[in-house]
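So the structure is just underneath, and the comments pick up after that.
First listed ligand is number 1; within each ligand, the first listed atom is number 1. Side-chain atoms are counted along with the backbone in the values below, which use heavy atoms only and exclude waters and symmetry mates. If you're wondering where the values come from, they're calculated on a predicted model, not measured in any experiment.
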Amino acid sequence: SVRFDPAGLRADFPILDQQVNGRDLVYLDNAATTQKPESVIAAIDGYYRADNSNVHRGAHALADRATVAFEAARERVSGFINSPLAKQVIWTRGTTESINLVAQSWGRQNLGPGDKVLVSVLEHHANIVPWQLICAETGAEVVPIPVTDAGDIDLEAFHQLLDDRVKLVAVNQVSNALGTVNPVRRIIDSAHAVGARVMLDGAQAVTHFAIDVQALDCDFYAFSGHKLFGPTGIGVLWGKEELLDAMPPFMGGGEMIDVVSFSGTTFNTLPFKFEAGTPNIAGAIGLAAAIEYFASIDLEAASVHEQMLLQHTLDLAGGIDGLRRIGQPRESVGIFSFVLDGVPASDLGMLLDQQGIAVRTGHHCTQPLMARFGLSGTVRASYSIYNTTEDVDRLFEGIKKAQRLFA
Ligand SMILES: Cc1ncc(COP(=O)(O)O)c(CNc2co[nH]c2=O)c1O
């Protein structure tokens, strides 16, 4: 059944029922990580209580049960992002490892002197630094795609940067710092027109949109389980089959091999070629449970609710002198980044925490973006399905209290 009742949903998340510094917790740091529903906690707990075993090649009941659950989780992720085949879903630790895998494997194989990798200035460091590392090694060049004053990717500049030396475009579907929703289908089509591949960073998108990698036509897609009500330490790299098949392994070890000998080693097929060592079995099972939970939410209603929270935020922000939102993107998810004149972001974050309000302050792993706006950091409130207008009201009570303290 699909339902959406934010106040009612809170009962699904045990962590939300607590006080911090004597006040009911107001958790507004969802872009950093979302909280976990009881069903995810129970799935992980249940696995360790009843089914834990190492996977594949097992010769006993527990190994069979663990393997079935682990591969069923992969199938569930495959359906969630509409992958043609489950073997195109590679388990990683998260978005960061997924992007590093593409940079180190596909990048080393396909980049050379004079080649260019276009990276938007909106990017998280996880979608900047891996490209800098592989370009330094291969002689290719990272070229930034500018961002407008509104916090959108500058599409005109992007199209001017595109030429046949561009081999890969790395962009996020949603900005973790500003909330910007990028026109990724247009970016992908333009990149493909010059023969470039596209690495799509979906870390912030998966809890806001239905993901369809076939409709997007991206070449690689990455996200983290912990952003989708799942556990930390489990993430996904999805790739087009022909690209993954052609790529060399990323890490060596057990599972990713066929035959090992000192005269030479052959490798396993997809997805195992990229899954060396004992995987995060419980994490995969927990992520599958998170996807099941997320599937029970009316996504359209959740999006309407989130936009209402964002509009309520903007309305209240408009009443506070000296509060400046960073970016006014054409389209934004429920992420609100701001600065408050006279109150350093870190101090404001601390004062809000003293009132039981959890936000994130600093550069949000987007230092080039902060520099572009002449900032060292911002205060960021980021909403999810269990936040309410009362949470937003508490946030602005806290901001006004902090402002009085600094007056
Ligand atoms: C757009 C984006 N890309 C990549 C990552 C890296 O994900 P990880 O590998 O799971 O860490 C994040 C995490 N963003 C944040 C993590 O903490 N605050 C944030 O805004 C992100 O928001």
Under 3.5 Å, which donor-acceptor pairs do the side chains of residues 18-28 form with other protein atoms, sequence neighbours left out?
residue	atom	partner	partner atom	Å
Gln18	NE2	Ile15	O	2.8
Gln19	NE2	Asp24	OD1	2.8
Asn21	ND2	Asp353	O	2.7
Tyr27	OH	Asp29	O	3.1
Tyr27	OH	Thr33	O	2.5

Please name all residues satisfying salt bridge (Lys or Arg N to Asp or Glu O under 4.0 Å) with Glu141, sequence neighbours left out, ordered by chain then number.
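Expected list: none.
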For ligand 1, list every N/O pair with the protein closer than 3.5 Å, one pair per line with the distance.
residue	atom	partner	partner atom	Å
ligand 1	3 (N)	Asp201	OD1	3.3
ligand 1	3 (N)	Asp201	OD2	2.5
ligand 1	9 (O)	Thr96	N	3.0
ligand 1	9 (O)	Thr96	OG1	2.6
ligand 1	10 (O)	Ser224	OG	2.7
ligand 1	10 (O)	His226	NE2	2.7
ligand 1	14 (N)	Lys227	NZ	2.7
ligand 1	20 (O)	Asn176	ND2	2.9
ligand 1	20 (O)	Arg380	NH1	2.7
ligand 1	20 (O)	Arg380	NH2	3.4
ligand 1	22 (O)	Gln204	NE2	2.7

I would like to know whether Lys116 and Asp163 meet salt bridge (charged side-chain N to carboxylate O under 4.0 Å, His left out); could you show each step before the answer?
CA-CA 9 Å; Lys116 288 185 266 188; Asp163 61 34; 2.6 Å; yes
When you check the gap from the basic side-chain N to the acidic O, do Arg372 and Asp149 get nearer than 4.0 Å?
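A salt bridge is present here (some side-chain N lies under 4.0 Å from a carboxylate O).
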Apply the side-chain hydrogen bond (donor to acceptor under 3.5 Å, both in side chains) test between Ser224 and each candidate in Thr96, Thr95, Thr92; give the one that qualifies.
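It is Thr95; the other options fail the test.
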Go through the structure and list residues passing side chain to side chain contact (heavy atoms under 4.5 Å, CB included) with Val129, not counting sequence neighbours.
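Scan of Val129 (side chain to side chain contact (heavy atoms under 4.5 Å, CB included), adjacent residues dropped) gives His125, Gln132, Leu133.
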